Structures are given as C-alpha cells and as structure tokens.
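So that the names make sense, note that chain A is the first sequence line, chain B the second, and so on, each numbered from 1. Please read these numbers as outputs of a predicted model, since none were measured by experiment.
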Amino acid sequence: MQLRDSPEEAAFREEVQAWLADNLADDLRGRRGGAARFEEWGRDWSRRLGEAGYAALTWPKEYGGGGAPYSHQAILLEELARAQAPGHINVIGLGMAGPTIIVHGREEQKARYLPKILSAEEIWCQGFSEPGAGSDLASVRTRAELRDGRYVVNGQKVWSSYAHLADRCLLLTVTEPEAPRYQGLTYFLVDMHSPGVEVRPLTQITGEAEFNEIFFADVEVPVENVIAEPGQGWQVAMTTLMHERAALGFALSGAFEVAVGKLLELARARPLDDRLRDRIARSWIELQALKWTNYRALTRLMETGAPGPEASVPKLHWSEANQRLGKLALELLGPEAQVMDGDGYWQWLQLRSRGNTIEAGTSEILRNIVAERVLGLPKGR
Amino acid sequence: MHFAFTSEQDALRTEARRWLEERYPAERVAELADSEAGWDPASWAELAELGWLGVSVPEDEGGAGLGFLEEAVLLEELGRALYPGPYFSTVGLALPALGPDERAEVAAGRVRWSAEIDGLVPDLALVDRVVTGEGATAAEGETLPTMDSTRRLGRLAAGAREPLAGGIDRPRLRAALAAEAVGIAQRALDWGVEHAKERQQFGKSIGVYQAVSHSLVDAFMATELARSLAYWAAWCVAEGDGQAATAAAAAKAYAAEAAVSACERSIQVHGGIGFTWAHPLHRYYKRAQWIQAFDGFPAGQRAEIASALVEGK
C-alpha cells in the first residue's frame, strides 16, 4: 500500500499542472457545458487538450491514443477538475464512441472515425433513451428498416447531451421487433447532418440546455454504418455504458473536492451552529470516502484488468453526496440563498445535482445492478 | 499510488479468517459471550503462537517487526468473527504506551493490557495491567454490566500508578476500531444477503423485492466506503502521516455508523428471527454500538474535524 504518488506519477501530475497553468485561461475556469457560446470556446479548448495528448490518454497508441496507464487518466481527471477546467466538448466521442468503436468496430470504421474524435473535428452524441425507453433501455422503438440496400430510420431519442452540436450519433435501434428481447437491436454510427434528423434542445431546471430531443424521419443510413452485426446492438450498448461509468469516478471526486473547498470558504466567512458544523464535517468525510474508494477501484482495475465490487459505489455515492452538499451550501447562505451572486455557482450546483441521481443510470437502476451482480440477489424482473 | 494490501498481508488475512472460522464459529462465540468469564483464556497462548500479539513488536523484542497495517487486517478479521478476548485492548489500545520489556511480554503472551478511556476500561477482568493518564496500574476494579458481553467494560479501583514509556495513541485506537467496525459491518451484511436469497415469501426469494434489496445495497455501499476510510486511516497511522488524526477520526465516525446501520438493516431483513437472542446478529449489533460509543460518538469526531477544517485547529 502506497497512498502517495510514485515519482513517475508525481512527475506526470506536475506536467499536467504546468500545462494547465500555461494553457487554461482564467476566464475559462469554472465555465459550464451548458453556458453560452460553448461551441466556440469549447472546441478550441478541446483541440488544445487533444494536441497536448490529453484527450485520449488511455486509448491504445495504434489508434492515436497515449497508451498511458489508468493511473495517469485518474491524475489528469483530478487535475482538470481541480483547475476547474471546462469539460471536453467531445466527451461522448472520447469516453463512449471511441472505446465502443475500438472494441466492436471494423478496421475501416476505426480509420474513418477515431482520428476525428481525437481532433474534436467530429463531435458525438448518444441516441439511447427514448420517451418510452429510459431505464428499460431494451424496449427502444426507434425503428431501422432495410430497404433497397440501406437502412431507413424513424423514431425519437431524448436526453441526448451535445446533440445540438454533434456531427455523429451512437444510435440504438430495433431492426427486428418480433425477435426475443435483447436480440432484435442494431447499433448504428449515424451522420447527424443527414436529411430527416432534427434536434430540439431541452431546457433543464437550471435554465441551461445540455441535452436534446432528436427526431429521425426517414433518415437513410448506409449498411456499413452498422457497428458489429445487425441484432447485436444490446451487447454493443453495454460496452458503451460500461465505459460511461468507468470514466466517471475521478472526474466526480475532483469536482466534488472543488465544491467542498468552496463550501469551506463559505463556512469560514460566517457564524456556524453545531448542526451546520456537523454537516460540513460529513461532507468532507464523504469526499474522502469517495476519493479513496476511487483509488481502491483503480488499483484493482490496474492489477486485475477488471473492476471489483467497489467500482459500483462511486457514482451512486457521489450523486447523493453532491445533492446533500448543494443543500448545505444554500443553508449556509441563509436568507441570501435565493440571491445568485456572480455565476450563481451554488444555486446552479444545487439544481443541477438533482440530475445526478438520474443521468448515466438512475440510482434505482444502479442499486438493482449492485443487488444482482455484486450481492448476487435474485433478479426482480 | 497503490491502494491494496500486499500478497503477504492478504495471506495473513486468509490465515486469520480460516483459523477464526474454525475456532470461533458463531455458536462458540455465543457460548463464550453468555458465560461468566466471557472468553477462553487458553486462546491467548494460541494468539501468541500465531504471532498475532507481536505483529508490530520489533523482532529483537520477540515480535514480527511488521506494522499497523497488518494489525488492522487482524483487527478486521477478529471483528468479523467477533472474537471475545482482549486483543483490541492489548494491541489496539495499550501497546503504544509500552516500553521494550513490556512489549516483549505482550508478544510472548505473558501479560495482557488494557487502557482507561473516559473512566472506562475494556476487558478489565481479562487483563493484567492497565494504561491510564497517570501511568500504569494493576487491573483491579469492578466489571460493569454491559450491552456487549463480548467486550465488557470495567472501572478501576484506586491504586498506585507507575510510570510508562508512552501514552494513548488516539489516532491509532480509532483506526483500530474502524478496522474492526468494517469486519462487523461485512459479516452483518453477508448474513442479510444470505437470508434474502434463501427466505421465500409469496413464492419468491425476498431479495427480489427492492425494498429489501436496496436496503442491503445501501449497507454494501456504506461498508465499502467505510473500508476505504479505514484502510486510508490505517495507512496514515502506519506511516505516521500528517493526516493520521483527521483520517482516523473520519474513519472511526463513518465506520462505526456503517456497522450499526448494516446490523440494523440486516436485523430488519431477517424479520423476527433477527430480533432473537438465538441469532448471532444481536451480538454484532451490540459490538457495533460499543465501537460507536467508545472514545465518543461520531458527532464528537465530526466536531473535531469541523474545527480542523474551519478554524484550522
């Protein structure tokens, strides 16, 4: 057990810190993905990350990645979060599309798509959830039909982050509605500029628009845009979701660390009763528990190549701890809690945190997964 | 950064679990807990023989020359088995206050120790000597009726005090309790999961119902988070890291609450049988509450942490 950076890790951390000091302009710090003109400055920031080799640090070198160990990815995510760097505009391309294409794609698909994910030339979004298929993802109804040597797609997707900026979409469709559950789905890589694709942004309770509805009306998709084989969509989708959750941990603890730091600044500036002090200490303990659980999960992943039971904890824990933190911060502000100073950080955090237990798997679905796969309890469905 | 035990430490855990499962199954612990003595004094020589008493005692004093991480592994396993005997009192509590000769006697299994905290001495009737704020004294006094009969508390009689090499190491005792609490929480959770798989109602295992399964998932999450904090605190103590005091306070507070809550959830999942004297769960529940109360309830540790964070003291 060694809970300090190794000399090699410390050197990498310093390199990242120095790079951030030189490249992350002060006015970019703390900017949010739902903010105005994100596309403009977001693409530029993402291009810089790519040029520095930080965009796809852990991708294999043969696909243009850094081939770095997961420990470097953890350090990078931690440092980006601590510096309050904006998110990468192509987070779905890098974290979900790329890994999915690397695992399931054909060589020509890898050559066609991966370089432009790295350069942020092509931004990706995810077309999984539908109005009638959220947690029950296998019941998607967006239909892809083979007609005259090409697929024709009709249907509607929802909660699709970055779709309003995206060039490509990871699209989960049903091709054989009569097939047994999990067997009639097909996964496509779709050009968002195709005729018949319409994107409508959805404004969230924060007033910002990070996600969208996507409508597909007779959208033609070439057969070579199927990833893996027709009918294997479910397996491919699981790969995508596994990567979505795996990449999250350190970004979450890094952001939570920044928020707890701001909470302490707030706390130092005002009188506190014992009840508030107790909750402040609880939030700090929850942060430490999150951070060290991430490190335990990381060590297991690096040693065995597979996530252990502890890997299922961070997202669930963070989402609920972040909600508690937001409420506590507003209570520290007292009667001023409604007043949005500057960028309204705390009001934004508190409202945005309600999405944390819904996005990337609701807490209810994640608890079902832990019950079945980690505790070995019988399936409820 | 490497947050895992070494293969030697894992082997120690495997050996400890095997030995404890064989020698201290729940029925035997129940029998001892309900007995007048409260433990099997013959077990002490066996622990000495296994090398567990002198894990962190230097080799030239007859110990294994290892450290607190190995002790934390043993404390967790002893907690999981609910071993009734003064291991925590001697090794977790008193050892840092002792000098070389006294440590050698501990490692050899000749002398057992405890310490007085907040006027209470764990395992008073089971030990020979007691560390107090004013020095060492003979273990004489009155054993009190306590909820947890596997680790009874006593009050010292007035007696002479003799000088000691050191004193109470609060971060270390808290990290020790946190490790133990993780073992308690895990065992209570395991029983709950086992029961939820086996127990059938309405023609199904009760574990299919989310009201049951999600409660167990919450116990699992809290146990894993407590484990991370407990191992972090153990490492800080073993390394003499500057964060040891805060880490141990955080670990003790969180792990004690996780253990109490895991027991409560497990009792609830068991239904009526979980509420009986016959089921072992109640002893785990009582030990979890023992840990929660000893050296102060979690709110006290959180108040210390808040002072450190807000006022920097």
query: Looking only at heavy atoms, what is the nearest atom pair of B:Ser228 and A:Ala289, with distance?
result: CB-O, 4.1 Å
message: Given heavy-atom pairs under 4.5 angstrom as the criterion, report whether the side chain, backbone, both or neither of B:Tyr231 touches chain A.
response: both
- prompt: Considering the options A:Arg300, A:Met1, A:Gln2, which one meets the side chain to side chain contact (heavy atoms under 4.5 Å, CB included) requirement together with B:Phe3?
  reply: A:Met1
field: A:Pro314 portion near chain B, given a 4.5 angstrom heavy-atom threshold
entry: neither
- request: Can you tell which part of B:Ser307 gets under 4.5 Å to a heavy atom of chain A, answering side chain, backbone, both or neither?
  value: both
statement: CD (B:Gln210) and CD (A:Glu364) are apart, to the nearest 0.5 Å, by 8.0 Å
field: A:Arg324 atom CZ, neighbour heavy-atom count above 12 within 6.0 Å
entry: yes
- prompt: Looking at B:Asp190, B:Leu69, B:Val208, B:Val212, which one has more heavy-atom pairs under 4.5 Å with chain A than the rest?
  reply: B:Val208
message: Can you tell me which of A:Ile75, A:Asp5, A:Asp278 forms the most heavy-atom pairs within a distance under 4.5 Å of chain B?
response: A:Asp278
- request: Sort out for me which of B:His214, B:Glu239, B:Lys197 touches chain A most, counting heavy-atom pairs under 4.5 Å.
  value: B:His214
query: Any idea which heavy atoms bring A:Ile285 and B:Arg302 closest together, and the distance?
result: CD1-CG, 3.8 Å
field: Engaged part of B:Glu311 at the chain A interface, taking heavy atoms whose separation is under 4.5 Å
entry: side chain
task: Search all heavy atoms of A:Leu377 against all heavy atoms of B:Val193 and return the closest pair with its distance.
output: CD2-O, 3.9 Å
message: Using 0.5 Å steps for rounding, measure from the CG atom of B:Asp218 to the OG atom of A:Ser363.
response: 9.5 Å
- request: Search all heavy atoms of B:His2 against all heavy atoms of A:Leu3 and return the closest pair with its distance.
  value: O-CD2, 4.0 Å
- line: Looking only at A:His317, A:Arg282, A:Gln288, most heavy-atom pairs under 4.5 Å shared with chain B are made by A:Arg282
query: Does a sphere of radius 6.0 Å around CD in B:Gln268 hold more than 12 heavy atoms from other residues, nucleotides or ligands, not counting ones at 6.0 Å or beyond?
result: no
message: For the CZ atom of A:Arg4 and the CH2 atom of B:Trp235, what is their distance to the nearest 0.5 Å?
response: 3.5 Å
query: When rounded to the nearest 0.5 angstrom, what is the spacing between OG in B:Ser215 and CZ in A:Arg367?
result: 10.0 Å
- prompt: Relative to chain A, which segment of B:Phe5 carries a heavy atom at a distance below 4.5 Å: side chain, backbone, both, or neither?
  reply: both
query: What part of A:Leu298 gets closer than 4.5 Å to chain B, counting heavy atoms only: side chain, backbone, both or neither?
result: neither
query: With a 4.5 angstrom heavy-atom cut-off, which part of A:Ser71 approaches chain B: side chain, backbone, both or neither?
result: neither
query: Just wondering, are more than 12 heavy atoms of other shown residues or ligands nearer than 6.0 Å to NZ in A:Lys327?
result: no
message: More than 12 heavy atoms of other residues, nucleotides or ligands under 6.0 Å from OH of A:Tyr70: yes or no?
response: no
message: Counting heavy-atom pairs closer than 4.5 Å to chain B, which one of A:Ser6, A:Ala297, A:Pro378 comes out on top?
response: A:Pro378
task: Sort B:Glu198 into side chain, backbone, both or neither according to what part of it lies under 4.5 angstrom from a heavy atom of chain A.
output: neither
task: Pick one of side chain, backbone, both or neither for A:Glu265, based on which atoms fall under 4.5 Å of a heavy atom in chain B.
output: neither
message: Between A:Arg296 and B:Glu224, does any side-chain N to carboxylate O distance fall below 4.0 Å?
response: yes
- line: Tightest non-hydrogen contact, residues A:Leu264 and B:Leu309, listed as CD2-CB, 3.9 Å
message: Donor-acceptor pair, distance only, cut-off 3.5 Å: does the side chain of A:Arg277 make one with the backbone of B:Val310?
response: no
query: Yes or no on side chain to side chain contact (heavy atoms under 4.5 Å, CB included) for B:Leu225 and A:Glu286, after CA distance, side-chain angles and deciding distance?
result: CA-CA 8 Å; B:Leu225 294 162; A:Glu286 288 181 328; over 6 Å; no
